Amino acid sequence: MLRVNGVSTYYGNIQALKNISMEVSEGEIITLIGANGAGKTTTLMSISGLVPPRQGEIIFKDRPIHGMSPEKIVALGISQVPEGRRIFPYLTVAENLDMGTFLRNDKDNIRKDLAYIWDLFPILSKRRHQAGGTLSGGEQQMLAISRALMARPKLLLLDEPSLGLAPLIVRQIFEIIMKINIENNTTIFLVEQNANLALKVAHRGYVMENGAITMADSAPNLLSNEAVKKAYLGL
Amino acid sequence: MMPTLSEIKKSFLVSLWFMFLTFPIMVIRVNTTEKLVLWRWENMAYMGIGSFLLSFVWRYMLWRKETGKKDSESGTLQLPSFFERILSDRRYIVPATAAGIALVAIFPFVMDTYQTNIMITALMYIVLGLGLNIVVGLAGLLDLGYVAFYAVGAYTYGLLNHHFGLGFWTVLPIGAVMGAFFGILLGFPVLRLRGDYLAIVTLGFGEIIRLILENWNEFSFGPSGIAQIARPSLFGIQLSLSSSIIYLYFVMIGMVLFTIFVVNRLQNSRIGRAWIALREDEVACQAMGIDKTRTKLTAFALGATWAGMVGVIFAAKTTFINPASFTFLESAMILAIVVLGGMGSIVGVSIAALILILLPEYLRAFSEFRMLIFGAIMVIMMVFRPQGIVANVRRSYKFQPDKHS
């Protein structure tokens, strides 16, 4: 479904991604783990077009999307949940979700999707007229995920959904991620620092170090891999 | 109750400090002809009492405001402002609009030319405020050079009328297009900028336009400006001075209504939502699939369109334009209207424009203190009601029972 082929991305003169390649098939949960500054977020930004890659190609459903503007990429069905949630603080929960449907025109389906979101996160439905900025961290993360879902993505890019959340909330959010994957057949690309949890929900995983991919395997294999255990799982 | 003793002490210290500060100007008066020094100690006492009372009232108001906030957090409803109550009550709306329409219709016939002229200026600032409101209030792009587009509109009419004798109604749309064009011209270089940097660049842009007009004598006639610009004509008929002012007044009323209609539609449209998203968070806005470049450029262009049109009207009203009318002070004034009225609120901006333009005119009786009173009102407004006269209605949705479940 998504093929990243020899991509290099730069911030000015600094090379953040060094010739990375990866593949995501339809219906999968893929996780990208790695230390701080390894280039995980940059990988997502390159896919979503916010930081276009300088070299290499990104193919989504047999169409090259590298060099496309972010809004065209969203229109093709790739939605991103940016790092640090980035919800609209002064808009209400309902308005935030409304922004997620910006590129859609099918009112009936939007209504259905909204009902699905209220069902998925009942707490958001209770808070629907509250300003986004007044929600707790976990609720904001739920809102950010819901907002991305409102675009009906085929591929959902999740950037560190566990950032700054209590373990209990993190578990809840990961359960929802699995649920979204199963119920809607939404392909999920998950970038995480919490390698343990990420590898437990994912089907396959990539390990990233200093802007390059050093390992690629199925999630259970990575979980039991000695090097991964030592470096990322703290075992 | 607020801790009164310590407050009194603080106010007392403030009054001591003020007595000390104002001592040289309020107490000592040197009579140079008779070489006498007059010590007016009674002034010091007035100063002391006055500043003590003011400081105490100030503290008390601040305290009321803080506790009011606490109340609303703990669940008790804060009373909506006077304007919001009037606006939300149906019983008042119908008679109020009827009275408003009647007042607007008879105004130029009962008032003299001077009053009508001031009112035209105020109406012009309503449109300018609403135009800038698109850029600042909705899209969140701080534009300090808005007057540049106003100047572009005015000079479009001035020059086209001077060289080619084009009439007001022909140039009005041309002025709008020119405004939009210059808006996009400013928009391109500032696409990547935000906040302070954007403010500085727009400020520079405003000055550039003014300096060009001031110095390019062959093009714009420099500081001497363009005189004898034609007033608007009514189906080709030239009107007398007083009737043409009345005519301009109704043109302006029409313009205000048109602006309110368009801005209102824009606010609730797709592009309006994109502006709001852009204002709140740029990265998230892009992640939602909103084209940042186009959204910013349309905000600049649509904002500048109104300034261009009002510029044409300004030139037609005064029949004389020169660069001195388009200084930074004008931009600051329009920005003050937007901020004071409440960012994003159409009613608020209109009320603020009327207050800010009419107030200095009617305060001419206190000519020396007029700007002082004006400044004091602005400071007090920002301390006690930072959201503006009428807060943006988008932020106060009413709860509705669930329709889906």
Side-chain angles (χ1 to χ4, degrees), chain A residues 44-45 48-51 69-105 111-119 122 125-126 128-134 144 147-148 150-151 153 157 159, chain B residues 69 72-75 77-78 136-140 191-192 194 266-298 342-345 386-388 391-405:
Chain A
L44 276 198
M45 297 284 211
S48 66
L50 287 178
V51 184
S69 57
E71 62 275 1
K72 291 214 178 92
I73 295 175
V74 175
L76 286 177
I78 301 184
S79 264
Q80 188 186 12
V81 180
E83 188 176 5
R85 311 185 271 269
R86 291 205 172 253
I87 54 156
F88 301 114
Y90 292 108
L91 301 187
T92 63
V93 169
E95 285 170 323
N96 261 286
L97 293 176
D98 197 34
M99 286 293 178
T101 64
F102 189 80
L103 292 175
R104 291 175 58 182
N105 276 323
R111 204 165 297 140
K112 253 183 240 160
D113 286 1
L114 194 65
Y116 176 71
I117 295 290
W118 296 145
D119 194 44
S125 138
K126 271 187 214 155
R128 69 176 73 170
H129 298 289
Q130 209 169 310
T134 63
R147 188 180 61 181
M150 287 304 283
L157 308 174
D159 199 347
Chain B
K69 238 179 221 157
S72 71
E73 270 159 23
S74 63
L77 258 172
Q78 209 176 359
V136 179
L138 292 179
L191 276 177
R192 299 154 144 267
R194 254 191 99 75
L266 276 176
Q267 226 168 14
N268 300 321
S269 73
R270 213 175 159 69
I271 185 81
R273 289 198 304 157
W275 285 335
I276 289 160
L278 186 75
R279 177 185 74 195
E280 303 265 316
D281 193 311
E282 242 175 73
V283 174
C285 152
Q286 279 181 296
M288 296 301 94
I290 296 168
D291 187 339
K292 196 174 89 177
T293 312
R294 212 169 58 191
T295 309
K296 270 194 183 177
L297 286 180
T298 45
M343 296 234 220
S345 155
Q387 70 272 46
N392 192 354
V393 273
R394 272 190 75 86
R395 292 185 194 166
S396 54
Y397 269 83
K398 287 222 177 69
F399 181 79
Q400 274 180 340
D402 193 2
K403 285 178 203 148
H404 312 300
S405 57

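Small disclaimer: the values here were computed from a predicted structure and weren't measured. Protein chains get the first letters and strands the later ones, always in sequence-line order, with residue 1 at the start of each.
In this structure, the portions of Asp98(A) lying under 4.5 Å from any heavy atom of chain B include both its backbone and its side chain. Contacts of Pro89(A) with chain B are made by both backbone and side-chain atoms, with heavy-atom separations under 4.5 Å. Interface residue Leu50(A): only side-chain heavy atoms are found under 4.5 Å from chain B.
Both the sub-6.0 Å distance and the 45° axial angle are not jointly satisfied by Arg273(B) relative to the ring of Phe102(A). Cation-pi contact between Arg147(A) and Phe88(A): present, with separation from the ring centre below 6.0 Å and deviation from the ring axis of at most 45°.
Using a cut-off of 4.0 Å between Lys/Arg side-chain N and Asp/Glu carboxylate O, Glu282(B) and Lys296(B) are scored as salt-bridged.
Your options are Cys285(B), Ala287(B), Ala277(B), and the one with the most heavy-atom pairs under 4.5 Å with chain A is Ala277(B).
The shortest distance between side-chain heavy atoms of Asp159(A) and Val81(A) does not fall below 4.5 Å.
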